[in-house]
Amino acid sequence: MQATPIQAFDASGRQRIGAVEFRGGLVLTSTDENFGGLSGMALDASGDKLIALTDKGYWLSATLTSQDGRPTGLADVRMAPMVAGNGRALAAQGLGDAESLTLTPEGVVVGIERRHEIWSFPGPDPLASKGKQLISLKGIADLGSNEGIEALAAPAKGKPAALIALAEQDPKDSTILPGFLFAPLDKPRLVGRFSIERIDGFSATDLSLGPDGKAYLLERRYDPLRGVAMRIRRFDLEQLVDGARLSGEVLMEAHRAAAIDNMEALAVTRDAAGDILLTTLSDDNFSPLQKTVLLRFALVP
């Protein structure tokens, strides 16, 4: 793994973008042919231990190193295929398009697109774990093949639900991002639905619960004329309840002139100084025309 520092967020050299401050970034590369396509990520409470997954059914774990709050690289990097209880790789069973994950006390919960399934991988080390299906969304929502569950979150106290899922977009209503609430976590059933207002063609790519009791939504837009763009919105966690239709607060938005790519993963943590940090990762789609970018921002008090 090699990490090239990103010194400036854009050509202007500005540090402040909306309600956040740019703390630094990295362009990540590797000679491993399985590296790339990073579509979901989580960090532990320290913000150092990283677990991510690819849309070809691989885990990536690493230690995120930093200096004075600025990311400097990934150490102790490991990759391994995601494996089902039958011992076979998920990718070999048509379940490789993993797009989202969230940490729980029991292990890691993962959302798989196209098949619209949610899986559980128990234990402290998902790379050594065998997964099992928790939920199939067939019959719950007519999600598009490539418009499935992009975000998962498991509130620590199980409220407003044990598991929150958010789809990339709604194939029948272009004005919303559809959300689902499940409980309990061990044998989940659908207990509610909510929606988030879809603004200016952006689609949901991740949802992370911060240590401040807020829910943070990462969004991405791409079209040939305007290029790529990213946005982060914030909500009160208790607002994500059955029947809610939410707009939230836009914290930042950036476009192709900035050091962004196809931003798909978000983790929110608090550093030793008490600052709320937002760390994002991009999915390069295994394309030589795109990059795997890690960007870190801090909320401005």
Side-chain angles (χ1 to χ4, degrees), residues 1-3 5-6 23-30 32 34-55 57-83 98-111 119-131 151-156 163 185 205-216 218 263-283 292-299:
M1 177 71 65
Q2 295 191 354
I6 297 173
R23 286 285 181 89
L26 303 167
V27 177
L28 302 173
T29 57
S30 172
D32 190 317
N34 296 309
F35 176 75
L38 298 174
S39 298
M41 169 185 65
L43 291 168
D44 69 355
S46 72
D48 297 331
K49 301 299 181 183
L50 179 150
I51 182 74
L53 45 73
T54 83
D55 51 21
Y58 268 76
W59 297 107
L60 181 146
S61 73
T63 299
L64 176 58
T65 59
S66 61
Q67 183 175 6
D68 299 326
R70 179 178 292 272
T72 57
L74 295 184
D76 308 316
V77 181
R78 296 187 297 148
M79 293 193 73
M82 305 173 72
V83 176
E99 292 285 338
S100 54
L101 81 161
T102 187
L103 303 180
T104 75
E106 291 75 31
V108 180
V109 175
V110 170
W119 282 56
S120 172
F121 291 83
D125 182 8
L127 278 71
S129 178
K130 293 183 179 179
L152 289 171
L163 186 66
L185 191 57
T205 58
D206 209 353
L207 183 75
S208 182
L209 305 184
D212 55 354
K214 305 288 186 179
Y216 293 81
L218 176 65
M263 310 309 295
E264 287 213 6
L266 171 68
V268 183
T269 56
R270 192 190 300 272
D271 66 10
D275 293 335
I276 298 293
L277 303 180
L278 298 91
T279 305
T280 67
L281 265 177
S282 71
D283 174 0
T292 299
V293 176
L294 183 149
L295 303 173
R296 173 165 280 178
F297 307 92
L299 277 181

Notebook entry, point to check: To the nearest 0.5 Å, how far apart are CG in L74 and CG in L60?
Noted result: 7.0 Å
Item checked: Validation row: Y58, M82 side chains within 4.5 angstrom (heavy atoms) -> no
Item checked: Heavy-atom pair of closest approach, residues D206 and A265 -> OD2-CA, 3.3 Å
Margin query: I'd like to check the ring-ring contact (aromatic ring centres under 6.0 Å, His included) partners of F121; sequence neighbours left out, ordered by chain and number.
Written below: W59
Note to self: For T72, give me all partners under side-chain hydrogen bond (donor to acceptor under 3.5 Å, both in side chains), at least two apart in sequence or on another chain.
What the structure shows: T65
Check: Any idea which heavy atoms bring L299 and D212 closest together, and the distance?
Finding: CD1-OD2, 4.5 Å
Next item on the list: Under the side chain to side chain contact (heavy atoms under 4.5 Å, CB included) rule, collect the residues that match up with Q2, sequence neighbours excluded.
Entry: T29
Item checked: Which residues share a salt bridge (Lys or Arg N to Asp or Glu O under 4.0 Å) with R78, sequence neighbours left out -> D125
Note to self: Do T102 and V109 have side chains that approach each other closer than 4.5 Å (heavy atoms only, starting at C-beta)?
What the structure shows: yes
Check: Taking side chain as C-beta onward, heavy atoms only, is L281 less than 4.5 Å from M263?
Finding: no
Checklist line | Contact check, side chains of E106 and L185, non-hydrogen atoms, under 4.5 Å | finding: yes
Margin query: Can you list everything that forms a side chain to side chain contact (heavy atoms under 4.5 Å, CB included) with V293? Sequence neighbours excluded, please.
Written below: I6, D261, S282, K291, L295
Notebook entry, point to check: Could you give the distance from OG1 (T269) to CG (L43), rounded to the nearest 0.5 Å?
Noted result: 6.0 Å
Notebook entry, point to check: What distance do E264 atom CD and S100 atom OG have between them, rounded to the nearest 0.5 Å?
Noted result: 10.5 Å
Check: How far does OG1 of T279 sit from CG of L64, to the nearest 0.5 angstrom?
Finding: 6.5 Å
Margin query: Using side-chain heavy atoms (C-beta onward) and a distance below 4.5 Å, is T54 in contact with S39?
Written below: no
Margin query: I'd like to check the side-chain hydrogen bond (donor to acceptor under 3.5 Å, both in side chains) partners of R23; sequence neighbours left out, ordered by chain and number.
Written below: E21, D275
Check: So which heavy atom on G40 is nearest to which on L101, and how close?
Finding: C-CD2, 3.1 Å
Next item on the list: Taking T104 for its side chain and G107 for its backbone only, find out whether a donor-acceptor pair lies under 3.5 Å.
Entry: yes
Checklist line | Side chains of M41 and I51 in contact at under 4.5 Å (non-hydrogen atoms) | finding: no
Next item on the list: Determine the minimum heavy-atom distance between L28 and F35, stating which atoms define it.
Entry: O-CE2, 3.7 Å
Item checked: S61 OG to M79 CE distance, which is reported to the nearest 0.5 Å -> 9.5 Å
Next item on the list: State, with a plain yes or no, whether a side-chain heavy atom of D55 is found less than 4.5 Å away from one of D283.
Entry: yes
Item checked: Residues forming a side chain to side chain contact (heavy atoms under 4.5 Å, CB included) with S208, sequence neighbours excluded -> L266, V268
Margin query: Could you report the tightest heavy-atom contact between L26 and P71, atom names first, then the distance?
Written below: CD2-O, 3.6 Å
Next item on the list: Kindly write out the residues that satisfy side-chain hydrogen bond (donor to acceptor under 3.5 Å, both in side chains) with S129, not counting sequence neighbours, or none if the list is empty.
Entry: none
Item checked: Side-chain heavy atoms of L209 within contact of Y216, under 4.5 Å -> no
Checklist line | Non-hydrogen atoms of P122 and S120 that approach each other most closely | finding: CD-O, 3.7 Å
Item checked: Set of side-chain hydrogen bond (donor to acceptor under 3.5 Å, both in side chains) partners for K49, sequence neighbours left out -> T63
Note to self: I need the L50 CG to L38 CG distance, nearest 0.5 Å.
What the structure shows: 8.5 Å
Next item on the list: Check the pair S30, D32 against side-chain hydrogen bond (donor to acceptor under 3.5 Å, both in side chains), reporting the backbone distance first and the verdict last.
Entry: CA-CA 5 Å; S30 172; D32 190 317; 5.4 Å; no
